[in-house]
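Single-structure report; data block below.
Chain A is the first sequence line, chain B the second, and so forth, proteins listed ahead of strands; every chain is numbered from 1.
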Protein chains: 2
Amino acid sequence: MLRTEGLGMQLYDTADLRAELHQIGCRLTPQREKILKFFQNLPQGNHLSAEDVYQALRQRGENISLSTIYRSLKLMARMGLLRELELAEGHKHYELNQPYPHHHHHLVCVQCNRTIEFTNTSILKTGIKQAEKEGLHLLDCQLTIHAICPEALRRGWPSLLPSNWVCPRALNGTVTGVITQN
Amino acid sequence: MLRTEGLGMQLYDTADLRAELHQIGCRLTPQREKILKFFQNLPQGNHLSAEDVYQALRQRGENISLSTIYRSLKLMARMGLLRELELAEGHKHYELNQPYPHHHHHLVCVQCNRTIEFTNTSILKTGIKQAEKEGLHLLDCQLTIHAICPEALRRGWPSLLPSNWVCPRALNGTVTGVITQN
DNA sequence: CCCCTAATTTACAATCATTCGCAATAAAAC
DNA sequence: GTTTTATTGCGAATGATTGTAAATTAGGGG
Ligand SMILES: [Mn+2]
Ligand SMILES: [Mn+2]
Ligand SMILES: [Zn+2]
Ligand SMILES: [Zn+2]
């Protein structure tokens, strides 16, 4: 569910989580609590796969099974606590769902997967309007801009690039935490 | 590559396809030609998986292997002839890439997968602007609005719905061909 | 036309993310 | 505490997609 309050999920505590879980007939478990807390303490701009979350928690000594990670991520995405993203990599990524005005979108290079976040309020308005027009309840609204680094283009993309070729921009990591204004 | 000419892909014929394939060191094969023609003759609003394309062509007596379908769809998406869509179903969908002003976006119910297309010119402008700002080459730009039918909400979503429950709206098919104006 | 070479197709195996089945465990309602 | 039923964890299963290697074919140059 798209959250329209002005507060971030950081202020969403254990009691709130329990309440919201109970509302839909679910229970608060240590696993669910830890997973949500983990996302709440993650720096902005991280987009993690289920496997990423699994490894990160395991390193902290938490031993939550991968199945449970998958189940929890899906549940929390449905509940609107997390956002499920389809970037360009063959697996889903998750981030904390930050309501308006922190709601944002993604620009991603299909070659190096570098991902840049940006905000744009009119897009959310479009989503609200379209859902209302069709009589549906809005859950999320994501503009994904697929792009390609000029370095890759010069090397012959969209033909196959040499399998060992890595986009130089990928070196800064595949994710930037900077949210640029529209 | 995002195509900005005013013509639809319908007017993209065999010679054009050959030329564009040769430009990137690829060959024109009967398989590729048939797959593109298939999409060019598909009614607006269809979003097909690789398996869908495979079955449809097979029914027409064309025997193209599933592997080839996968590879061709990916190649043509890279070339900008097709658009690769991440709707809500666990597999990719493809449609003919219609350049501006036919460029459109999708509103999809995460329960019944009903998909509604709509146009909005300002979103494409946003995509162009963001890609330029970051110095990347724009490929595609898709607003995907995730929503839920009120019928599903009333039945308890986001808790698990009875496994046999089907959204009544799914009966009209999961896709509508109508493009509504923004 | 014919030849040559590299691109492509094909059948099939393999991979990878994700889900499922089920016995064991543990919330939370009473 | 007891009971109920959601949840976990494990391994197996699934399903979309990709890889492999041999056979085929497109298309450029004679
Ligand atoms: Mn993000
Ligand atoms: Mn469409
Ligand atoms: Zn790149
Ligand atoms: Zn629905």
Side-chain angles (χ1 to χ4, degrees), chain A residues 14-15 17-36 47-55 57-58 62-79 82 84-94 113 156 158-163, chain B residues 14-15 17-36 47-55 57-58 62-79 84-94 156 158-163:
Chain A
T14 302
L17 178 58
R18 170 180 281 116
E20 205 139 328
L21 283 166
H22 284 192
Q23 201 161 33
I24 60 172
C26 296
R27 294 173 182 176
L28 176 66
T29 65
Q31 290 90 337
R32 287 172 179 169
E33 194 179 346
K34 281 166 188 158
I35 293 169
L36 182 57
H47 306 113
L48 304 186
S49 67
E51 182 70 31
D52 291 337
V53 175
Y54 177 62
Q55 295 301 342
L57 289 177
R58 142 179 301 231
E62 309 291 356
N63 251 55
I64 305 179
S65 82
L66 187 53
S67 294
T68 296
I69 304 279
Y70 271 107
R71 279 186 288 242
S72 300
L73 293 179
K74 173 148 293 181
L75 176 64
M76 292 182 191
R78 279 192 168 200
M79 293 171 66
L82 299 180
E84 192 174 72
L85 305 174
E86 303 275 7
L87 302 177
E89 286 188 70
H91 54 254
K92 293 192 175 74
H93 285 217
Y94 295 84
N113 292 317
S159 303
L160 257 307
L161 294 170
S163 58
Chain B
T14 301
L17 179 58
R18 170 181 280 118
E20 206 138 329
L21 282 167
H22 284 192
Q23 199 159 34
I24 59 172
C26 296
R27 294 175 181 176
L28 176 66
T29 65
Q31 290 90 337
R32 289 174 178 166
E33 193 178 348
K34 279 167 189 155
I35 293 170
L36 180 57
H47 305 114
L48 304 186
S49 67
E51 182 69 32
D52 291 337
V53 175
Y54 177 61
Q55 295 301 342
L57 289 178
R58 144 179 299 230
E62 309 291 357
N63 251 53
I64 304 180
S65 83
L66 187 52
S67 295
T68 297
I69 304 279
Y70 271 106
R71 277 187 280 254
S72 299
L73 294 178
K74 173 148 295 184
L75 175 64
M76 291 181 193
R78 280 191 166 201
M79 293 172 65
E84 191 174 71
L85 305 174
E86 303 276 8
L87 303 177
E89 285 186 71
H91 54 253
K92 294 192 175 75
H93 285 217
Y94 294 84
S159 303
L160 258 306
L161 294 171
S163 57

side-chain N/O H22(A) vs dA28(C) OP1/OP2, d < 4.0 Å: yes
Touch class at under 4.0 angstrom, heavy-atom based, for R32(A) against every strand present: sugar-phosphate
Which nucleotide in dT17(D), dT9(C), dT18(C) has an atom nearest any side-chain atom of R71(B): dT9(C)
Per R18(A) side chain, nearest of listed nucleotides dG21(C), dA28(C), dT17(D): dA28(C)
Where A77(A) and Y94(A) come nearest, the two heavy atoms and their spacing: CB-CE2, 4.2 Å
From R58(B), Q31(B), R32(B), residue fulfilling side chain to side chain contact (heavy atoms under 4.5 Å, CB included) relative to I64(B): Q31(B)
Touch class at under 4.0 angstrom, heavy-atom based, for S67(A) against every strand present: base
Inter-axis angle, terminal five-pair segments of the helix from dC1(C)-dG30(D) to dC30(C)-dG1(D) [nearest 10°]: 50°
Whole-Å distance separating the CG atom of N63(B) from the C1' atom of dT24(D): 16 Å
N/O (side chain, Q31(B)) to phosphate O (OP1/OP2, dT10(C)) under 4.0 Å: yes
Nearest-nucleotide comparison on DNA chain D, the residue closer to the 5′ end among K74(B) and C26(A): C26(A)
Verdict with reasoning, T68(A) to T29(A), per side chain to side chain contact (heavy atoms under 4.5 Å, CB included): CA-CA 11 Å; T68(A) 296; T29(A) 65; over 6 Å; no
Phosphate OP1/OP2 of dT7(D): any T68(A) side-chain N/O under 4.0 Å: no
Separation between CG of L85(B) and NE2 of H91(B), rounded to the nearest 0.5 Å: 11.0 Å
DNA chain C: 5'-proximal contact among E51(A) and S65(B) (nearest heavy atom): S65(B)
Intermediate values then yes/no, side chain to side chain contact (heavy atoms under 4.5 Å, CB included), H47(B) and D52(B): CA-CA 9 Å; H47(B) 305 114; D52(B) 291 337; over 6 Å; no
Pairwise 5' ranking along DNA chain D for G90(B) and L75(A), keeping only the more 5' one: L75(A)
Worked verdict on E84(B) versus K74(B) for side chain to side chain contact (heavy atoms under 4.5 Å, CB included): CA-CA 8 Å; E84(B) 191 174 71; K74(B) 173 148 295 184; 4.2 Å; yes
Whole angstrom value for the distance that separates C1' of dA17(C) from CG of L87(A): 15 Å
Proximity to the side chain of R27(A) - top-ranked nucleotide from dT19(C), dT5(C), dA27(C): dA27(C)
Protein-nucleotide distance (E86(B), atom CD; dT18(C), atom C1'), rounded to Å: 14 Å
Candidates dT17(D), dT8(D), dA17(C) - which lies nearest the side chain of H91(B): dT17(D)
Interatomic distance, Q23(B) CD vs dG27(D) P [rounded to whole Å]: 15 Å
Side chain to side chain, L73(A) and I35(A), heavy atoms closer than 4.5 Å: yes
dT18(C) OP1/OP2 closer than 4.0 Å to side-chain N/O of Y70(A): yes
Euclidean distance, atom CD1 of residue I64(A) to atom P of dT8(D) [Å, nearest integer]: 9 Å
